[in-house]
Amino acid sequence: MEKKIFAWLEILFGHEAALHWSVWATVIAIALIATLSYVIFIRILIPVVNYITEKTENKWDDDLLNDRVLKAFSQLIPAIIVAVLLPGSLNLGAAVYAWTVKLTKIYILWAAIRLIIVFLHGLQNALDKRDLLQRHNLEIVRQTVVLFVALIGIIVGVGILINRDPLAILTGLGASAAVLMLVFRDTILGFVAGMQLTVNKMLGRGDWIVAPKAGANGEVLEVKLTTVKVRNWDNSIVTIPPYTLFTDSFQNFQNMRDSGARRVSRSVLIDQTTIRFLDSEEIEQLRTEGLLVEENDPTELNLSKPTEENNLPMEIKRDERIVNLGLLRRYIEHYLEHYPEVIHSGNGWEDLILMARQLQPTAQGVPLELYFFTSRTSWKPFEHLQAEIFDHLYAVIPRFHLSVYQAPSSNDFSNN
């Protein structure tokens, strides 16, 4: 190529000018050819490829042959052109020629590595859009492959510069393994922990996790090679090393979200001095208020009207001595069974327990725990449901001649 340019320069400007400018003219010509190839690819081939991918029904080609991948590939074409034309077209000295070859090889290496990295990023985005792989930590896999490709690229690049076989360089690095382990400690630990979290499906983007030691209670935003980013419910961001989550315990609520059933386990303290048998008049009063009915009465509880229409089926014998706390427990269980957004076994679900039970008595009273599951899994609706049910519980407890324990205040002592 240089000879042809020299001949043209000699015809146009003379022999002396051709000797002086032929090398630079050749360099400029090669640069123009490389630039022209890049412009042609950007202006013509990329729009054509985009047009074809948009017309196809398959969406994989849209994701994999995106603009970033095509532009990265377009940078590889000029690199190859420069590598092919530049060394063989110039009449250079041995040293200059050797460095020219090295630099062009490094340029090709850089363009190839960049193409691989951009393609992997596009592949991850394509996989993230598929429902099957949405919760998998593909970011860790991508970052691991990118790190591996970058290290290989660095080793090959160094080998090109010093004229050494890359395998020989890897052998030499083996002697420095202890230093490398220290330098890349967090990366190596993050890789191992991240792969364990991914393979065991312990963590994924969008999961709600609670990690008390890390101060995390919120939704996972990113799972990367060396960091897990969590947005707490107060909108603060917590960054946690993956190996911290792997070595310490954390709670993941994603299975609860996926199942559509969230547990409520909450108790109220009953003043044990108010627990007693009810006489017939008190039982009749409860029956009149719709809190219980005769045995085998088919009328069911009506949650919307807390009046005598709220007949609660109970198996009550007229000569049976009834404890008010027992009636309250049975009333609450029936109330929960008929609450619209409380779910339990026998209602299309299995192994979902619903009960009102006594816990171990304390100095503050007898805890009455409500244990059930609700279809409201989001935080705000879940809290509203708990409030609605316990509002009703607090209001109905006095109807059974029971009292909720409350520690005496200074006003109680002053009144006495």
Side-chain angles (χ1 to χ4, degrees), residues 253 255-270 274-275 277-278 282-318 320-361 365-404:
F253 287 91
N255 185 65
M256 175 271 295
R257 283 179 165 178
D258 294 339
S259 68
R262 185 171 180 180
R263 187 191 69 174
V264 176
S265 177
R266 183 172 165 183
S267 60
V268 59
L269 290 171
I270 303 296
T274 63
I275 302 174
F277 292 109
L278 297 179
E282 292 169 331
I283 294 176
E284 187 62 32
Q285 181 63 32
L286 290 174
R287 181 178 295 110
T288 302
E289 294 178 355
L291 300 178
L292 56 85
V293 294
E294 297 293 345
E295 182 179 358
N296 299 325
D297 192 308
T299 309
E300 293 187 353
L301 184 66
N302 186 339
L303 301 178
S304 61
K305 300 178 181 179
T307 64
E308 64 274 12
E309 297 179 9
N310 290 353
N311 297 319
L312 179 65
M314 294 288 182
E315 296 183 359
I316 306 272
K317 297 180 180 179
R318 293 189 178 280
E320 184 180 0
R321 302 189 70 188
I322 304 301
V323 179
N324 53 359
L325 183 58
L327 286 182
L328 175 63
R329 286 189 295 103
R330 294 157 70 179
Y331 168 81
I332 289 299
E333 284 189 356
H334 191 85
Y335 177 85
L336 293 175
E337 287 173 356
H338 291 79
Y339 201 92
E341 293 177 279
V342 171
I343 52 182
H344 52 87
S345 56
N347 190 23
W349 295 81
E350 296 181 359
D351 302 327
L352 294 184
I353 299 174
L354 183 154
M355 62 179 173
R357 63 168 182 161
Q358 290 185 34
L359 301 181
Q360 185 71 21
V366 178
L368 178 64
E369 183 188 49
L370 275 60
Y371 189 100
F372 60 93
F373 291 83
T374 174
S375 57
R376 296 188 189 180
T377 57
S378 297
W379 187 15
K380 186 176 180 179
F382 174 75
E383 294 296 338
H384 284 177
L385 177 132
Q386 285 194 99
E388 292 165 6
I389 291 177
F390 275 84
D391 287 347
H392 183 85
L393 176 61
Y394 290 129
V396 82
I397 284 176
R399 310 280 278 278
F400 288 85
H401 305 281
L402 292 164
S403 298
V404 177

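With values rounded to the nearest 0.5 angstrom, S378 atom OG is found 12.0 Å from L385 atom CG. The structure places CG of L327 at 6.5 Å from CD1 of I283, a figure rounded to the nearest 0.5 Å. Here the straight-line distance linking atom CD1 of I275 with atom OG of S403 works out to 10.5 Å at 0.5 Å rounding. The distance from the OG1 atom of T377 to the CD atom of E341 is 10.5 Å, given to the nearest 0.5 Å. Here NE2 of H401 is found 12.0 Å from CG of L328. Values are rounded to the nearest 0.5 Å. Atom CZ of R357 sits about 6.5 Å away from atom OG of S265, to the nearest 0.5 Å.
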Evaluate I397 against I270 for side-chain contact (heavy atoms from CB on, under 4.5 Å), listing each step before the verdict. CA-CA 9 Å; I397 284 176; I270 303 296; 3.8 Å; yes

For Q358 and R329: C-alpha separation, side-chain torsions, deciding distance, then whether side-chain contact (heavy atoms from CB on, under 4.5 Å) applies. CA-CA 9 Å; Q358 290 185 34; R329 286 189 295 103; 4.0 Å; yes

Before giving the answer on side-chain contact (heavy atoms from CB on, under 4.5 Å), spell out for Y339 and T374 the whole-Å C-alpha distance, their side-chain angles and the decisive distance to 0.1 Å. CA-CA 10 Å; Y339 201 92; T374 174; over 6 Å; no

Go through the steps for R330 and E333 under the test salt bridge (Lys or Arg N to Asp or Glu O under 4.0 Å), then give the verdict. CA-CA 5 Å; R330 294 157 70 179; E333 284 189 356; over 6 Å; no

Which is it for I389 and F372 under the side-chain contact (heavy atoms from CB on, under 4.5 Å) test, yes or no, and what are the steps along the way? CA-CA 11 Å; I389 291 177; F372 60 93; 3.5 Å; yes

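Every residue two or more places apart in sequence or in another chain was checked for a salt bridge (charged side-chain N to carboxylate O under 4.0 Å, His left out) with R266, and none qualifies. Residues forming a side chain to side chain contact (heavy atoms under 4.5 Å, CB included) with E383 (at least two apart in sequence, or on another chain): W379, Q386.
Here the closest heavy-atom approach between residue L402 and residue T274 is recorded as CD2-O, 3.4 Å. Contact detail for L352 and A261: the closest heavy-atom pair is CD1-CB, 4.2 Å. Shortest non-hydrogen contact noted between A356 and I332 is CB-CG2, 4.1 Å. The two residues P367 and P361 make their nearest non-hydrogen contact at CD-CA, 4.1 Å.
If you look at Y331 and F400, their ring centroids are closer than 6.0 Å.
Counting only distance, with no hydrogens or angles, the side chain of H392 and the backbone of E388 share no donor-acceptor pair below 3.5 Å.
A perpendicular orientation is assigned to the rings of Y371 and F373, their planes being inclined by more than 60° (bins at 30° and 60°).
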